[in-house]
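Note sheet for the following structure.
First the proteins, then the strands, lettered A, B, ... as listed; each starts at 1.
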2 protein chains.
Amino acid sequence: MTVRPVEVICLEDQQHEKCKLLGQILDRIGDKWTIMAVGALSGGPMRFNELMRRIGGVSHRMLTLTLRGLERDGMVRRTAYPTIPPKVEYELTPLGRSLTEPLAILLQWGEKHSGEIETARNVFDQSRN
Amino acid sequence: MTVRPVEVICLEDQQHEKCKLLGQILDRIGDKWTIMAVGALSGGPMRFNELMRRIGGVSHRMLTLTLRGLERDGMVRRTAYPTIPPKVEYELTPLGRSLTEPLAILLQWGEKHSGEIETARNVFDQSRN
DNA sequence: CTGTATCCTTCGAGATACTG
DNA sequence: CAGTATCTCGAAGGATACAG
């Protein structure tokens, strides 16, 4: 049994456990297609194929898996109408909508600092031939 | 911190430009080790091996790659002391520290809603035997 | 239209060993 | 101590075909 230090500093003087939780959150919602799906649905309910067209570049299979994951986590509600051909609508739940707030803040950060990052990259890449 | 309407995440008539930017941000900073490294460094400068011990479970190679990426993006400053054996210190730049703010907000969201997500998962898994 | 199953390729990441 | 280079394996994700 190894002894682990507990006093690991994390975000804003919190402990290491916080980082792990953050990692879990990002595991859930941090991937490309999940973000795109949440973004697309933030405007209102949408059908499967419409989502696929809106997002663009996503495979049939990955969109299905992404939506299943969001549904499982309670972020998206799936409503199937037993018509022929079938019609399925997806929409954000209140939980899903609540996610858009921290994401919007992260987006603001990105918009504010993307230039800085771009510059830093160029400098870094220059300094390596 | 002002909370803007959810539509800020993704404006449909902009072809998901916002989503794409958000996707790029998450590509950069959304992976497990990057978060852990930023978290660990948020407490102050740290040497390579100390970082590795603090983070725990990260391979030598991945920590190196993670730190290179952060350095390239201007989030981390690397300072090498030409001693024998070598000593290298890593620390967050102002840009890197600024990232901890939106991350802390995302973390708060996670803390607030993790129970809800857990419940949703159990319900979903139950409904599929 | 929507969902699932299968195949197949690619890529990420750990292990390891070696260098300065 | 810190960094780099290979090797390898397994998982992620696209393409495709088929079903309801």
Between the main-chain N or O of [Y] and the side-chain N or O of [X], is there a donor-acceptor pair closer than 3.5 Å?
X: T100(A); Y: G96(A); result: no
X: T34(B); Y: G30(B); result: no
X: T93(A); Y: G74(A); result: yes
X: R97(A); Y: L92(A); result: yes

Separation of dT2(C) P from R78(A) CZ (nearest whole Å) | 10 Å

Grab the CD1-P distance between I84(A) and dT2(C) for me, whole Å please.
-> 14 Å

Mind checking salt bridge (charged side-chain N to carboxylate O under 4.0 Å, His left out) for E89(B) and listing every partner two or more places apart, or none if nothing turns up?
-> none

Nucleotides bounding contact with chain A, strand DNA chain D, heavy-atom threshold 4.0 Å | dG13(D) to dG20(D)

What is the bend of the helix from dC1(C)-dG20(D) to dG20(C)-dC1(D) when you compare the axis at one end with the axis at the other, using five pairs each and rounding to 10°?
-> 40°

Under-4.0 Å salt bridge between K32(B) and D27(A) | no

Any salt bridge between E71(A) and R68(A), counting N to O under 4.0 Å?
-> yes

Y90(A) near the nucleic acid: base, sugar-phosphate alone, or nothing, with a heavy-atom cut-off under 4.0 Å?
-> sugar-phosphate

Got a sec, which pairs hit ring pair (Phe, Tyr, Trp, His ring centres under 6.0 Å) with one end in residues 87-111 of chain B, sequence neighbours left out?
-> W109(B)-H113(B)

Under the ring-ring contact (aromatic ring centres under 6.0 Å, His included) rule, collect the residues that match up with W33(B), sequence neighbours excluded.
-> none

Can you give one letter per nucleotide of nucleotides 4-16 of chain C, 5' to 3': B if a protein heavy atom sits under 4.0 Å from the base, S if only from the sugar-phosphate, - if neither?
-> B-B------BBB-

Check the hydrophobic clustering (I, L, V, M, F, W, Y; side-chain heavy atoms under 4.5 Å; chains of links allowed) and say if V76(A) and V123(B) are grouped together.
-> no

